[in-house]
Engineer: 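One structure coming up, written as structure tokens, with questions to follow.
In what follows, residues are counted from 1 in the order of the sequence shown.
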Amino acid sequence: MSFLDFISFKIIPLLTGENKKPNVYITNINFLNWLQLKKSIKKSIPYIKGKCADIGSGHSPYKKYILNNIEEYISIDKGNIHTHMFSSSKEKFIDADIKELPFENNSFDTVILTQVLEHIDNPFKALEEIKRVLKKDGILILSVPFIYQAHATPYDFYRFSEYGLKEICKNYDFKILEFHYQGYLGTTIFSIINGFIWEVSSKNKLLRNTILLPFLFFIFSCNNLLGLLLDKIKLKNYCPNFWLILKVNK
């Protein structure tokens with residue numbers, strides 16, 4: 001492993017808590033988003049039960065929160081996407097396409113689909129499959145971005161507004177049990193700014209991973225604190241992500 005790779009894959013994750021998601025540190029560029037995701041999964045625990053499929057699971061960051069509530073946990077991801085986005089993940093997963101899940105009808109009590117639907121080229125076919133494999137009154141935990149930068153490119157296809165989501169739920173017979181706004185203007189602005197700073201600094205990885213690194217962590221920490229303060233003003237039209245707890249009607 002080269003010196004730059006050692007900094008990138010060992011030191012930076014250590015100093016930002018990247019390997020402890022969703023419990024990342026305030027130095028992490030995505031601290032604000034992970035903080036909201038952590039709050040939402042904790043609120044979702046009472047709904048998660050039985051046989052659970054975590055689709056697009058990546059590092060399976062929510063697994064530790066739900067294991068005591070479920071009978072079986074099945075991690076599902078697509079091999080090429082998993083390699084592209086989560087190469088360091090040690091999670092064992094079933095390699096499957098969400099649009100053609102290798103399970104019988106009514107197989108699961110719960111499906112977790114967080115920050116995945118935007119990466120599916122046909123999200124509506126994916127929702128049909130999820131509805132097929134969920135049991136009667138099964139639960140879907142869904143989160144999607146609204147105002148958020150392009151990420152995991154080129155596998156970034158869609159954004160979903162609050163009203164579009166509610167219409168989709170209605171069309172696919174999903175009853176909304178809870179609807180969470182995952183941050184407001186503060187999380188939206190400063191998550192994008194942090195991402196921009198990191199992307200620009202990454203044009204020179206030697207400089208980023210040496211001289212600039214302490215300054216970057218300081219800037220991210222300040223931005224994340226400012227984001228928390230600005231989020232006190234709950235402007236729902238400036239939300240970066242939505243989290244829904246849904247029950248399927250069959």
Engineer: Return yes when atom NZ of Lys10 has more than 12 non-hydrogen atoms of other residues, nucleotides or ligands closer than 6.0 Å, and no otherwise.
Structural biologist: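 12 or below, so no.
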
Engineer: Flag the pair Lys63 / Tyr73 as yes when at least one side-chain heavy-atom distance between them is below 4.5 Å, and no otherwise.
Structural biologist: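 They are in side-chain contact.
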
Engineer: Would you name the heavy atoms of Phe190 and Leu230 that are closest together and state the gap between them?
Structural biologist: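 Nearest pair, atom of Phe190 first, then Leu230: CE1-CD2, 4.4 Å.
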
Engineer: Among Val111, Val133, Asp77, find the one that has a side chain to side chain contact (heavy atoms under 4.5 Å, CB included) with Ile55.
Structural biologist: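 In the set Val111, Val133, Asp77, the residue that makes a side chain to side chain contact (heavy atoms under 4.5 Å, CB included) with Ile55 is Val111.
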
Engineer: Working to the nearest 0.5 Å, report the span between SG of Cys169 and CD of Glu167.
Structural biologist: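 Reported to 0.5 Å precision, the distance equals 9.5 Å.
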
Engineer: In the single-linkage hydrophobic clustering (I, L, V, M, F, W, Y; side-chain heavy atoms under 4.5 Å), do Phe124 and Phe157 co-cluster?
Structural biologist: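 The answer is yes; both residues are in one hydrophobic cluster.
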
Engineer: Does the pair Asn106 and Lys136 meet the rule for a side-chain hydrogen bond (donor to acceptor under 3.5 Å, both in side chains), with working shown?
Structural biologist: CA-CA 7 Å; Asn106 308 307; Lys136 185 177 185 294; over 6 Å; no

Engineer: Any chain of hydrophobic side-chain contacts (each under 4.5 Å) joining Ile176 to Tyr163?
Structural biologist: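 They do not share one cluster, since no chain of ILVMFWY contacts under 4.5 Å joins Ile176 to Tyr163.
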
Engineer: Assert yes or no for the condition that the ring centre distance of Phe103 to Phe108 is strictly below 6.0 Å.
Structural biologist: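 Between Phe108 and Phe103, which both carry aromatic rings, the centre distance is below 6.0 Å.
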
Engineer: Locate the shortest heavy-atom distance separating Leu185 from Asp231; write the atom from each residue and the value.
Structural biologist: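 Where Leu185 meets Asp231 most closely, the heavy atoms are N-OD1, 3.6 Å.
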
Engineer: Is it true that a side-chain atom of Ser40 and a backbone atom of Leu37 form a donor plus acceptor pair closer than 3.5 Å?
Structural biologist: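 Checking the backbone N and O of Leu37 against the side chain of Ser40, no donor-acceptor pair under 3.5 Å is found.
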
Engineer: Looking at side-chain heavy atoms only, is the closest gap between Thr114 and Ile41 below 4.5 Å?
Structural biologist: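 No, too far: nothing below the 4.5 Å cut-off.
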
Engineer: Say whether Gln36 and His180, considering side chains only, have a donor N or O and an acceptor N or O under 3.5 Å apart.
Structural biologist: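 Their side chains do not contain a donor-acceptor pair, so the 3.5 Å distance test is not met.
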
Engineer: Asn223 versus Ile197: any side-chain heavy-atom pair under 4.5 Å?
Structural biologist: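 Yes - at least one pair of side-chain heavy atoms lies under 4.5 Å apart.
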
Engineer: Test your reading of the model: is there a side-chain donor-acceptor pair from Asp109 to the backbone of Lys51, 3.5 Å cut-off?
Structural biologist: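 Indeed, once roles are kept as given, a pair shorter than 3.5 Å links the two residues.
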
Engineer: Out of curiosity, Thr210 OG1 to Leu4 CG, how far, rounded to the nearest 0.5 Å?
Structural biologist: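 These two atoms lie 8.0 Å from each other.
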
Engineer: With a 4.0 Å cut-off on N to O distance, would you call Glu129 and Arg132 a salt bridge?
Structural biologist: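 Answer for the salt bridge query: yes.
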
Engineer: Tell me if a side-chain donor or acceptor on Ser57 pairs with a main-chain N or O of Ser60 at a distance below 3.5 Å.
Structural biologist: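 Side chain of Ser57 to backbone of Ser60: no pair is present.
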
Engineer: Please tell me whether Thr153 and Asp156 have a donor and an acceptor in their side chains that are separated by less than 3.5 angstrom.
Structural biologist: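 Judged by distance alone, the side chains do not pair up.
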
Engineer: Return the CG to CG distance between Asn28 and Leu35, rounded to the nearest 0.5 Å.
Structural biologist: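 Rounded to the nearest 0.5 Å, the CG-CG separation comes out at 11.5 Å.
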
Engineer: Following the transitive rule for hydrophobic clusters with a side-chain heavy-atom cut-off under 4.5 Å over Ile, Leu, Val, Met, Phe, Trp and Tyr, establish whether Ile245 and Ile70 coincide in one cluster.
Structural biologist: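 Both belong to a single hydrophobic cluster.
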
Engineer: Is the shortest side-chain heavy-atom distance between Leu228 and Leu32 below 4.5 Å?
Structural biologist: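 Sidechains of Leu32 and Leu228: in contact.
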
Engineer: Taking all atoms of both residues into account, what is the closest heavy-atom pair of Phe31 and Asn224, and its distance?
Structural biologist: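 Heavy atoms of Phe31 and Asn224 come nearest at CB-ND2, 3.4 Å.
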
Engineer: Classify the ring geometry of Trp243 against Tyr62: parallel below 30°, tilted from 30° to 60°, perpendicular beyond 60°.
Structural biologist: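 Perpendicular: the ring planes of Trp243 and Tyr62 meet at over 60°.
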
Engineer: What I'd like to find out is whether the side chain of Ile120 reaches to under 4.5 Å of the side chain of Lys99, using heavy atoms alone.
Structural biologist: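 A side-chain contact under 4.5 Å exists here.
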
Engineer: Which is it for Lys78 and Asp97 under the side-chain contact (heavy atoms from CB on, under 4.5 Å) test, yes or no, and what are the steps along the way?
Structural biologist: CA-CA 6 Å; Lys78 198 170 180 181; Asp97 189 328; 3.5 Å; yes

Engineer: When you measure from the side chain of Ser8 to the backbone N and O of Asn209, does any donor-acceptor pair fall under 3.5 Å?
Structural biologist: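 No, because the side chain of Ser8 does not come within donor-acceptor range (under 3.5 Å) of the backbone of Asn209.
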
Engineer: About how many Å separate CD1 of Ile168 and CZ of Phe160, when rounded to the nearest 0.5 Å?
Structural biologist: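 Taking CZ in Phe160 and CD1 in Ile168, the distance rounds to 5.5 Å.
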
Engineer: Do Asp137 and Lys135 touch side chain to side chain, with heavy atoms closer than 4.5 Å?
Structural biologist: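 Of all side-chain heavy-atom pairs linking Lys135 with Asp137, none is under 4.5 Å.
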
Engineer: Is the Lys NZ or Arg CZ of Lys166 less than 6.0 Å from the centre of Phe179's six-membered ring, within 45° of the axis?
Structural biologist: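 Yes, a cation-pi geometry.
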
Engineer: Return yes if a side-chain donor-acceptor contact under 3.5 Å exists between Tyr148 and Asn241, otherwise no.
Structural biologist: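 Not at all, the side chains of Tyr148 and Asn241 share no donor-acceptor pair under 3.5 Å.
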
Engineer: Might you point out which heavy atoms bring Phe6 and Met1 nearest each other, and give the distance in Å?
Structural biologist: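 Shortest heavy-atom contact: CA-SD, 3.4 Å.
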
Engineer: Is a donor from one side chain sitting under 3.5 angstrom from an acceptor on the other, for Glu178 and Tyr47?
Structural biologist: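 Yes, because at least one side-chain N or O of Glu178 sits under 3.5 Å from a partner of the opposite role on Tyr47.
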
Engineer: Are Ile233 and Leu226 connected in the hydrophobic side-chain network, where two residues link if heavy atoms are under 4.5 Å apart?
Structural biologist: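 Result: yes, single cluster for both.
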
Engineer: May I have the list of side-chain donor-acceptor pairs in residues 139-146 shorter than 3.5 Å, sequence neighbours left out?
Structural biologist:
residue: Ser143; atom: OG; partner: Gln115; partner atom: N; Å: 3.0
residue: Ser143; atom: OG; partner: Gln115; partner atom: OE1; Å: 2.7

Engineer: Working to the nearest 0.5 Å, report the span between CD1 of Ile130 and CG of Leu117.
Structural biologist: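 Rounded to the nearest 0.5 Å, the CD1-CG separation comes out at 7.0 Å.
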
Engineer: Within a strict 4.5 Å, meaning less than it, do heavy atoms of the Phe196 and Gln149 side chains meet?
Structural biologist: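 Side-chain contact under 4.5 Å: no.
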
Engineer: Quick one: do the Gln182 and Asn33 side chains pair a donor with an acceptor below 3.5 Å?
Structural biologist: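 On atom types as modelled, these side chains do not qualify, holding no pair under 3.5 Å.
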
Engineer: If you look at every heavy atom in Leu113 and Ile98, which pair is closest and at what distance?
Structural biologist: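 Looking at all heavy atoms of both residues, the shortest contact is CD1-CD1, 3.6 Å.
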
Engineer: To the nearest 0.5 Å, tell me how far Leu134 CG sits from Lys247 NZ.
Structural biologist: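 The distance works out to 12.5 Å.
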
Engineer: Is there a path of hydrophobic side-chain contacts, each under 4.5 Å between heavy atoms, that joins Leu177 and Phe242?
Structural biologist: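 Cluster IDs for Leu177 and Phe242 differ.
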
Engineer: Specify the closest pair of heavy atoms between Tyr25 and Leu14, including all atoms of both residues, with the distance to one decimal.
Structural biologist: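 Here Tyr25 and Leu14 meet closest at CE1-O, 3.4 Å.
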
Engineer: Around atom CD of Glu72, are there more than 12 heavy atoms of other residues, nucleotides or ligands at under 6.0 Å?
Structural biologist: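 Buried by this count: over 12 neighbours within 6.0 Å.
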
Engineer: Report yes if the side chains of Asn30 and His151 come closer than 4.5 Å at any heavy-atom pair, otherwise no.
Structural biologist: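 Side-chain contact under 4.5 Å: no.
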
